[in-house]
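To start, the structure itself, in structure tokens.
Side chains included, hydrogens not; waters and symmetry mates left out as well; all remaining heavy atoms used. Residue numbers start from 1 in every chain, and the chains themselves are labelled A, B, ... in the order their sequence lines are given, proteins ahead of strands.
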There are 2 protein chains.
Amino acid sequence: MMVSTKGRYALTVMVDLAKNAVDGYVSLADIAERENLSMKYLESIISMLNKGGMLESLRGKNGGYKLARDPSEYTINEILLLTEGTLAPVNCIMQEGVECEKAATCSTLPLWAGLDGVIENYLSGITLEDVMSGNRKKMLGEYCQKCDS
Amino acid sequence: MMVSTKGRYALTVMVDLAKNAVDGYVSLADIAERENLSMKYLESIISMLNKGGMLESLRGKNGGYKLARDPSEYTINEILLLTEGTLAPVNCIMQEGVECEKAATCSTLPLWAGLDGVIENYLSGITLEDVMSGNRKKMLGEYCQKCDS
DNA sequence: ATTTAATCCTACCTAAGTGGTAGGATTTAC
DNA sequence: GTAAATCCTACCACTTAGGTAGGATTAAAT
């Protein structure tokens, strides 16, 4: 599994905020209840989003979180990267300038690089707005049966 | 990480066999030495490939393995599926007919389904022959700088 | 027939990552 | 000052990853 619950829940939280924090802040307790997820676990996840500059937060009573930008200005790629660290499908492709020692002669490396590119390309092309508004055509593309009807 | 060493080594073994087992069988010891991988570990991996019908094996002295078909008749998708079990990027998408209970109302599901489709589409479009022969254009596609020159 | 070299099979093990839980400190609105 | 919220630091059970170990079985060569 490439994307763990951390990344999945992070996206769920972002979508929830996009839908529900239109004016003012929304508390984590509200999100957890709406999405039926553990509030304590979400706490650690939303903390990453907050520190990564994705959110604005307000402490104290009536506090909570809201998006720092417009939903159309977040790519899914950057949201997932923040919580997952990397989205590379294998750990042998270059990360932070460090490449595998066998890279020069490895027959399989171009495959993994290509796969990585395809994934990044897909996730960078979809915004939080697309997910929030249910843009099936963009998300499912040619695989979508309902998109024609 | 979506693809573990199991899948990566499985592909490495397949490529090695495609290159070296052109006539007759090749022993696991030879493969392990050539690829600089633990023979004992490879043993468990090649066993999956063998049971999955990807290989033909011969026991006893001068035995070993060879491909069951022509390299052009294996997709990377089926090789990886055999060792990894699944290539789904998240565990909330439908597997073996079992779908998430929240599927009907989940905003993020189409995204994961789309991502899954993109991955499967890519890996199904590339054959063992492509990897073996270093078909960079097919593997790297638009991301390949060297492909033009 | 015996040796040798190979696959096959079962069990085990350590380290890291996943998916949380627990408890309290701090901040701010009312 | 109190209630309700974020923030922060530990901890923990379980699963998976990435192997290792040892022997049983098979088949070719001598």
Side-chain angles (χ1 to χ4, degrees), chain A residues 1-13 17 20-21 24-33 35-66 68 80 83-92, chain B residues 1-13 17 20-21 24-33 35-66 68 80 83-92:
Chain A
M1 223 58 54
M2 189 177 65
V3 179
S4 66
T5 53
K6 249 189 270 189
R8 266 169 51 213
Y9 292 177
L11 182 56
T12 298
V13 164
L17 284 174
N20 297 293
Y25 296 87
V26 162
S27 80
L28 191 50
D30 286 356
I31 301 174
E33 193 186 357
E35 307 296 339
N36 197 29
L37 297 171
S38 153
M39 178 179 154
K40 272 299 189 181
Y41 188 34
L42 280 192
E43 212 179 289
S44 62
I45 292 167
I46 209 165
S47 161
M48 296 187 233
L49 292 171
N50 195 24
K51 285 179 182 167
M54 300 270 154
L55 305 177
E56 283 174 23
S57 70
L58 182 67
R59 301 181 69 172
K61 193 168 183 180
N62 290 335
Y65 303 91
K66 65 177 178 184
L80 295 181
T83 48
E84 297 289 328
T86 175
L87 294 175
V90 290
N91 66 6
C92 66
Chain B
M1 224 59 53
M2 189 178 64
V3 179
S4 67
T5 54
K6 249 188 272 188
R8 267 168 52 214
Y9 293 177
L11 182 55
T12 298
V13 164
L17 285 174
N20 298 294
Y25 295 87
V26 161
S27 80
L28 190 51
D30 285 357
I31 301 174
E33 194 185 359
E35 307 295 341
N36 196 29
L37 296 172
S38 153
M39 178 179 154
K40 272 299 189 182
Y41 187 34
L42 280 192
E43 214 180 287
S44 62
I45 292 167
I46 210 166
S47 159
M48 296 186 232
L49 292 170
N50 195 21
K51 284 180 182 167
M54 300 270 153
L55 305 177
E56 283 174 24
S57 70
L58 181 67
R59 301 180 69 169
K61 195 168 181 179
N62 290 334
Y65 302 91
K66 64 178 179 183
L80 295 180
T83 49
E84 297 290 329
T86 175
L87 294 175
V90 290
N91 66 7
C92 66

For this session: Go through residues 50-61 of chain A and report each residue with a non-hydrogen atom lying under 4.0 Å from DNA chain D, sorted by number.
Result: A/Asn50, A/Lys51, A/Ser57, A/Leu58, A/Arg59, A/Gly60, A/Lys61

For this session: Please work out which residues in residues 35-46 of chain B have a non-hydrogen atom less than 4.0 Å from an atom of DNA chain D and list them by number.
Result: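 Correct list: B/Ser38, B/Lys40, B/Tyr41.
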
Return the minimal non-hydrogen interatomic distance between [X] and [Y], and the atom names on each side.
| X | Y | value |
| --- | --- | --- |
| B/Ala10 | B/Thr83 | CB-CG2, 3.6 Å |
| B/Glu84 | B/Gly7 | OE2-N, 2.8 Å |
| A/Gly53 | A/Ala68 | O-CB, 3.8 Å |
| A/Lys66 | A/Gly24 | CB-O, 3.8 Å |
| A/Leu17 | A/Tyr65 | CD2-O, 3.5 Å |

Length of the [atom1]-[atom2] vector between [X] and [N], whole Å:
| X | N | atom1 | atom2 | result |
| --- | --- | --- | --- | --- |
| B/Asn91 | D/dT15 | CG | C1' | 12 Å |
| B/Leu17 | C/dT7 | CG | C1' | 14 Å |
| B/Lys66 | C/dA6 | NZ | P | 17 Å |

Exercise. Residues in side-chain hydrogen bond (donor to acceptor under 3.5 Å, both in side chains) with A/Glu35, at least two apart?
Worked result: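 Result, side-chain hydrogen bond (donor to acceptor under 3.5 Å, both in side chains) vs A/Glu35: none returned.
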
Exercise. Who pairs with B/Asn20 by side-chain hydrogen bond (donor to acceptor under 3.5 Å, both in side chains), at least two apart in sequence or on another chain?
Worked result: B/Asp16

Report yes if a side-chain nitrogen or oxygen of [X] is closer than 4.0 Å to either non-bridging phosphate oxygen (OP1 or OP2) of [N]; otherwise report no.
| X | N | value |
| --- | --- | --- |
| B/Ser4 | D/dT16 | no |
| A/Tyr9 | C/dG19 | no |
| B/Tyr65 | C/dC8 | yes |
| A/Thr5 | C/dG19 | yes |
| A/Asn62 | C/dT28 | no |

For this session: Identify, with sequence neighbours excluded, every residue that meets side-chain contact (heavy atoms from CB on, under 4.5 Å) alongside B/Asn62.
Result: none

For this session: Go through the structure and list residues passing side-chain contact (heavy atoms from CB on, under 4.5 Å) with A/Leu58, not counting sequence neighbours.
Result: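 Counting only residues at least two positions away or on another chain, A/Leu58 forms a side-chain contact (heavy atoms from CB on, under 4.5 Å) with A/Tyr25.
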
Problem set entry | Inter-end axis angle, the helix from C/dA1-D/dT30 to C/dC30-D/dG1, with every axis fitted to five base pairs (rounded, 10 degrees) |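 Inter-axis angle at the termini of the helix from C/dA1-D/dT30 to C/dC30-D/dG1: 10°.
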
Validation: residues 41-50 of chain A side-chain donor-acceptor distances under 3.5 Å, sequence neighbours left out:
from, atom 1, to, atom 2, distance (Å)
A/Tyr41, OH, A/Thr5, OG1, 3.1
A/Ser44, OG, A/Tyr41, O, 2.7
A/Asn50, ND2, A/Ser57, OG, 3.4

Exercise. CD of A/Glu33: more than 12 outside heavy atoms within 6.0 angstrom?
Worked result: no

